[in-house]
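For ligands, and for the atoms within them, numbers begin at 1 and follow the listed sequence. Residue indices begin at 1 and follow the sequence shown.
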Amino acid sequence: MNVQEAGLRITDERSEVLLNRGPSFQERTAAVATAAAADADEVDAKARFPKAAIDAARERKLLGAQIPVEFGGFGASIFDITEMCYTLGRACSSAAMIFAMHQTKVACLVRHGTGSKYHEALMRRVAAEQLLLASSTTEGNNGGNIRSSAAAVETNGTEISLVRNATVISYGAEADGIVTIARRSSDAASSDQVLLAITRENYTLERSLAWETLGMRGTCSAGFELKAKAPADQVFPEAYEKIHAQTMTPVAHLCWSSVWAGIAAASVDRAQRFLRKAARGAGGQMPPGAAHFTAAKMSLAKLRAIITANLDNYAAREHDERALSSLDFQSSINLLKVEASELAVQTVMSAMRACGLSGYRNDGEFTVGRLLRDVLSSPLMINNERILSNIATSSLMSGVPTSLRD
Ligand SMILES: Cc1cc2nc3c(=O)[nH]c(=O)nc-3n(C[C@H](O)[C@H](O)[C@H](O)COP(=O)(O)OP(=O)(O)OC[C@H]3O[C@@H](n4cnc5c(N)ncnc54)[C@H](O)[C@@H]3O)c2cc1C
């Protein structure tokens with residue numbers, strides 16, 4: 001039995017016991033996906049928060065799915081969560097990306113908050129109140145350079161405060177809490193960072209930038225001045241450097257890639273329906289773009305394969321800090337983001353070309369426009385070139401494999 005099968009089997013057993021013989025994760029996610037799909041076009045057209053989808057996820061307790069059972073959640077695994085991201089990605093890109101970002105923050109809370117009184121209480125709240133957590137890493141013009149912060153935590157006795165020029169916070173206005181990075185103190189180096197969890201009562205947001213974009217319009221990723229005041233124990237006990245390597249990067253890249261694969265799958269689905277209809281209407285004659293459909297299916301297969309390989313890889317090392325920090329693992333999980341985003345764009349482009357004008361149109365049942373606009377965000381969501389240049393030096397230090405599997 002491989003790691004994934006083992007993971008899924010444990011999850012199946014847990015689902016039965018933990019979900020109280022209620023609906024399975026699959027059934028809950030399907031209900032959320034139905035709500036998300038029904039709202040997706042309007043969410044995109046009006047660049048508005050996908051409230052129906054997030055409300056449906058709350059109702060079905062999926063926002064707290066990863067929280068351990070002892071804190072009131074379902075103890076969902078990374079396999080469960082990425083499957084949810086994929087299913088939601090097929091329905092509404094923005095709702096799926098919001099879900100993925102929230103789950104990444106929850107993963108940090110679960111792994112690095114256990115043992116800390118405040119963070120355990122927050123886990124209980126996420127499960128009981130289905131709190132939605134947003135992420136603040138982007139700051140000023142520093143873009144996706146996450147391992148460097150400008151704003152610093154100021155400590156005054158048992159209180160801390162933080163003022164941050166947060167140029168992008170997806171669903172910042174709708175979230176119940178924010179998980180943010182910051183410099184440890186005003187005299188710390190920019191890379192000496194901490195992670196901090198704050199909820200509504202701890203902060204104010206003043207809008208500084210709008211979110212008028214080509215795609216992913218429903219993520220409502222506006223810019224804000226974030227001002228926070230909170231008890232000092234809301235800072236995670238471990239340094240951000242560790243959290244970044246063990247959880248933030250792997251879980252973000254696995255969840256984002258699963259969302260993009262879902263978007264790609266939705267485009268392949270449209271292309272398939274288009275070709276079937278066109279061929280039926282032409283006495284079995286395939287339309288000229290048919291070869292692009294095969295290309296779309298091929299790149300979707302590659303995309304799913306690299307995600308599942310990386311999922312197995314992560315699950316096998318999940319409890320081994322050294323293995324998670326190794327050069328090989330870090331390169332592989334960073335390259336996953338680069339490869340998955342490029343393959344997702346390629347797949348949607350091929351699906352569009354398979355559909356021809358019917359895919360290019362913004363109306364009609366075979367339009368691929370929204371999916372293409374949404375998926376084009378993937379290479380930019382931490383620029384792929386930034387990631388490639390960051391790992392260029394470390395790649396020189398790791399050996400070239402001498403066998404296919406090891
Ligand atoms: C759909 C989506 C959702 C996102 N959600 C979040 C979120 O919830 N929280 C979050 O923190 N971030 C979020 N981001 C932002 C993301 O994390 C990266 O910060 C962003 O994609 C930029 O990445 P980059 O810096 O690698 O790439 P690039 O866009 O290529 O780099 C931008 C670089 O250009 C420079 N630059 C940019 N603007 C200026 C300017 N006006 N003047 C001078 N120089 C400038 C900066 O050096 C910056 O590093 C989101 C991005 C997307 C696409």
Practice problem: Would you tell me whether S258 and T82 have side-chain atoms, one donor and one acceptor, within less than 3.5 Å of each other? | Solution: no
Please tabulate, for the side chains in residues 226-238, all donor-acceptor contacts under 3.5 angstrom to protein atoms that are two or more places apart in sequence or on a different chain.
| residue | atom | partner | partner atom | Å |
| --- | --- | --- | --- | --- |
| Q234 | NE2 | Y118 | OH | 3.3 |
| Q234 | NE2 | A197 | O | 2.9 |
| Q234 | NE2 | N202 | OD1 | 3.0 |
| E238 | OE1 | H112 | ND1 | 2.6 |
| E238 | OE2 | K242 | NZ | 3.4 |

Can you produce the list of protein nitrogen or oxygen atoms under 3.5 Å from a nitrogen or oxygen of ligand 1, alongside each distance?
| residue | atom | partner | partner atom | Å |
| --- | --- | --- | --- | --- |
| ligand 1 | 5 (N) | S170 | OG | 2.7 |
| ligand 1 | 8 (O) | S135 | O | 3.4 |
| ligand 1 | 8 (O) | S170 | N | 2.9 |
| ligand 1 | 8 (O) | S170 | OG | 3.2 |
| ligand 1 | 9 (N) | S135 | O | 2.9 |
| ligand 1 | 9 (N) | V168 | O | 3.1 |
| ligand 1 | 11 (O) | T137 | N | 2.7 |
| ligand 1 | 11 (O) | T137 | OG1 | 3.0 |
| ligand 1 | 11 (O) | T138 | N | 2.6 |
| ligand 1 | 11 (O) | T138 | OG1 | 3.1 |
| ligand 1 | 11 (O) | V168 | O | 3.2 |
| ligand 1 | 12 (N) | T138 | OG1 | 2.6 |
| ligand 1 | 17 (O) | T138 | OG1 | 3.3 |
| ligand 1 | 19 (O) | T138 | OG1 | 2.7 |
| ligand 1 | 19 (O) | G143 | O | 3.4 |
| ligand 1 | 19 (O) | G144 | N | 3.3 |
| ligand 1 | 21 (O) | L380 | O | 2.7 |
| ligand 1 | 21 (O) | I382 | N | 3.3 |
| ligand 1 | 23 (O) | G144 | N | 3.4 |
| ligand 1 | 25 (O) | G144 | N | 2.7 |
| ligand 1 | 25 (O) | R386 | NE | 3.4 |
| ligand 1 | 25 (O) | R386 | NH2 | 2.7 |
| ligand 1 | 26 (O) | N383 | N | 2.8 |
| ligand 1 | 26 (O) | R386 | NE | 2.6 |
| ligand 1 | 30 (O) | N383 | ND2 | 2.6 |
| ligand 1 | 42 (N) | N141 | ND2 | 3.4 |
| ligand 1 | 47 (O) | N141 | O | 2.8 |
| ligand 1 | 49 (O) | N141 | O | 3.2 |
| ligand 1 | 49 (O) | N142 | O | 3.4 |
| ligand 1 | 49 (O) | G143 | N | 3.4 |
| ligand 1 | 49 (O) | R386 | NH2 | 2.8 |

Exercise. Would you please test S331 and N334 for side chain to side chain donor-acceptor pair (under 3.5 Å) and show each step?
Key: CA-CA 5 Å; S331 302; N334 276 296; over 6 Å; no
Quiz item: Does the side chain to side chain contact (heavy atoms under 4.5 Å, CB included) test come out yes or no for S378 and W256, once each step is laid out?
Solution: CA-CA 8 Å; S378 62; W256 296 356; over 6 Å; no
Exercise. Tell me, with the steps shown, if Y360 and T367 meet side chain to side chain contact (heavy atoms under 4.5 Å, CB included).
Key: CA-CA 6 Å; Y360 189 68; T367 171; over 6 Å; no
Quiz prompt | Aromatic ring pairing Y171/F49, orientation class (parallel under 30°, perpendicular over 60°, tilted between) | solution = tilted
